[in-house]
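Report on the structure given below.
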Amino acid sequence: MDTVQKLVSGFSLDLGPLKEPLGFIRVLEWVFTIFAFATTGGYSGTTHFTVKCPNEESKEVNPVFGYPFRLSAYSYQIPLCSGGAVNETFLQGDFSSSAEFFVCVGVFGFLYCTATLILYLGYQNVYRQTSRGPIIDLVVTAAFAFLWLVSSSAWGKGLADVKWATSPEHLVKSCPEVCHTGDFPSMGRLNASVIFGFLNLILWAGNCWFIYKETPFHKDPNPPATMEEGGAPGP
């Protein structure tokens, strides 16, 4: 309880940092991080093709898939021309590792942005009191920039593989004589997730410079002249 009381008593809301690049860019990171993992997690799509048997009406086949894109867990049924029987088939591929890694980076990035915004706006005096806060912030921000590079690249490759594995042109190869391609699954949301991933890379990498200026490693290029350094006294 004493620790909680100290934290509450030390809280002092100051929106001034939002007018500075340090706080403003952090807000942008917070927003784009939400967009990145929200457009990937919870996605569900459907691909389409038709089966046309001689002297029979066309029958639609609509395989469904979704996040985390463990496609081999999704089955669909292809009607057979020999009668009422169906052939149960599974989608191919498991691309869950890249998708889950991307979403994980987004969720942890969101949590870190939330924590640092509380620190910037409510405990600015604590943040600037010692050099430890800005240094830790710089290291973590740089680490997230690297993670966004790796996860966005991996998910971009994973998405390309998902598109190939769920393409009607690929699926009809299992029954080329009677199967015909239909509508491709809508991938606009997933394309946007990759774009948001690389936008986050730019934001987090660029923010490293503004955090670096808060650390003792950044030296003023024009230090004030002093009498000991031979500076002329003021009028």
Side-chain angles (χ1 to χ4, degrees), residues 17-47 65-71 91-121 134-167 169-170 183-215 217-218:
L18 294 180
K19 301 177 183 179
E20 303 175 4
L22 183 68
F24 178 71
I25 295 179
R26 188 64 84 194
V27 172
L28 292 180
E29 291 172 350
W30 186 79
V31 173
F32 281 96
T33 296
I34 295 176
F35 287 161
F37 71 79
T39 50
T40 306
Y43 172 86
S44 179
T46 306
T47 186
F65 62 97
Y67 177 84
F69 307 102
R70 196 172 288 108
L71 300 183
L91 295 174
Q92 300 176 355
D94 183 355
F95 312 103
S96 59
S97 58
S98 59
E100 290 176 333
F101 178 42
F102 182 80
V103 170
C104 181
V105 171
V107 171
F108 279 103
F110 164 77
L111 294 176
Y112 183 72
C113 285
T114 302
T116 51
L117 282 174
I118 294 174
L119 183 63
Y120 292 167
L121 303 181
I135 291 176
I136 295 176
D137 193 14
L138 175 62
V139 172
V140 176
T141 301
F144 267 107
F146 176 75
L147 289 174
W148 278 117
L149 171 62
V150 176
S151 63
S152 299
S153 300
W155 172 227
K157 175 62 169 61
L159 177 57
D161 293 337
V162 169
K163 290 180 178 179
W164 174 83
T166 60
S167 168
E169 295 179 350
H170 170 68
D183 296 332
F184 284 73
S186 176
M187 295 287 187
R189 176 177 169 180
L190 298 181
N191 292 333
S193 70
V194 176
I195 295 175
F196 284 128
F198 284 104
L199 285 176
N200 273 295
L201 165 63
I202 296 173
L203 284 173
W204 288 77
N207 199 23
C208 288
W209 166 249
F210 296 102
I211 300 175
Y212 170 74
K213 293 174 67 175
E214 302 291 330
T215 67
F217 305 126
H218 179 261

Can you find a pair of side-chain heavy atoms, one from Asn191 and one from Lys163, that are under 4.5 Å apart?
yes
Under 3.5 Å, is there a donor on one side chain and an acceptor on the other for Tyr120 and Arg26?
yes
Nearest 0.5 angstrom please: Thr166 OG1 to Leu91 CG, how far?
7.5 Å
How long is the span from the CG atom in Asn207 to the CG atom in Leu138, to the nearest 0.5 Å?
9.5 Å
May I ask you to test the Thr47-Ser167 pair for a side-chain heavy-atom distance under 4.5 Å?
no
Distance from Asp94 atom CG to Asp161 atom CG, nearest 0.5 Å?
11.5 Å
Using every non-hydrogen atom in the two residues, find where Tyr67 and Gly42 come nearest and quote the distance to one decimal.
CB-N, 3.8 Å
Can we call the ring centroids of Phe69 and Trp155 under 6.0 Å apart?
yes
Pair Phe184, Glu169 - check side-chain contact (heavy atoms from CB on, under 4.5 Å), show working.
CA-CA 9 Å; Phe184 284 73; Glu169 295 179 350; 3.8 Å; yes
Among Thr33, Leu28, Ile25, Leu199, which residue meets the side chain to side chain contact (heavy atoms under 4.5 Å, CB included) test with Trp204?
Thr33
Any idea which heavy atoms bring Ser96 and Arg70 closest together, and the distance?
OG-NH2, 3.4 Å
Quick check for you: to the nearest 0.5 Å, what is the distance between Leu111 atom CG and Thr116 atom OG1?
10.5 Å
Any side-chain heavy-atom pair of Thr141 and Tyr112 under 4.5 Å:
yes
Would you call the rings of Trp148 and Phe102 parallel, tilted or perpendicular, taking 30° and 60° as the class edges?
perpendicular
Return the CG to OG1 distance between Asp183 and Thr46, rounded to the nearest 0.5 Å.
11.0 Å
Of all heavy-atom pairs between Ser98 and Gly158, which one has the smallest distance, and what is that distance?
OG-CA, 3.8 Å
Plane angle bin for Phe35 and Phe32 - parallel if under 30°, tilted between 30 and 60°, otherwise perpendicular:
perpendicular
With heavy-atom distances below 4.5 Å as the criterion, would you say the side chains of Ser193 and Tyr43 are in contact?
no
Please confirm whether the backbone N or O of Ser44 pairs with a side-chain atom of Arg189, one donor and one acceptor, at under 3.5 Å?
no
Residues forming a side-chain contact (heavy atoms from CB on, under 4.5 Å) with Ser97, sequence neighbours excluded:
none
Which heavy-atom pair separates Ala36 from Asn200 by the least distance, and what is that distance?
CB-ND2, 3.8 Å
List the steps and the verdict of side-chain contact (heavy atoms from CB on, under 4.5 Å) for Glu214 and Asp137.
CA-CA 10 Å; Glu214 302 291 330; Asp137 193 14; over 6 Å; no
Apply side-chain contact (heavy atoms from CB on, under 4.5 Å) to Ser153 and Phe198, showing your working.
CA-CA 8 Å; Ser153 300; Phe198 284 104; 4.0 Å; yes
Could you check if a side-chain atom of Thr40 sits within less than 4.5 angstrom of a side-chain atom of Phe196, using non-hydrogen atoms only?
no
Interatomic distance, CD1@Ile34 vs CZ@Phe110, rounded to 0.5 Å, equals 5.0 Å
Check the pair Phe108, Leu147 against side-chain contact (heavy atoms from CB on, under 4.5 Å), reporting the backbone distance first and the verdict last.
CA-CA 11 Å; Phe108 279 103; Leu147 289 174; over 6 Å; no
Near Glu20 CD, under 6.0 Å, is it more than 12 heavy atoms from other residues, nucleotides or ligands?
yes
Taking the side chain as every heavy atom from C-beta outward, state whether Phe37 and Cys104 have any atom pair closer than 4.5 Å.
no
Does any N or O in the side chain of Ser152 come within less than 3.5 Å of the main-chain N or O of Leu149, such that one atom is a donor and the other an acceptor?
no
If you take all heavy atoms of Pro68 and Ala99, which pair is closest and at what distance?
O-CB, 4.1 Å
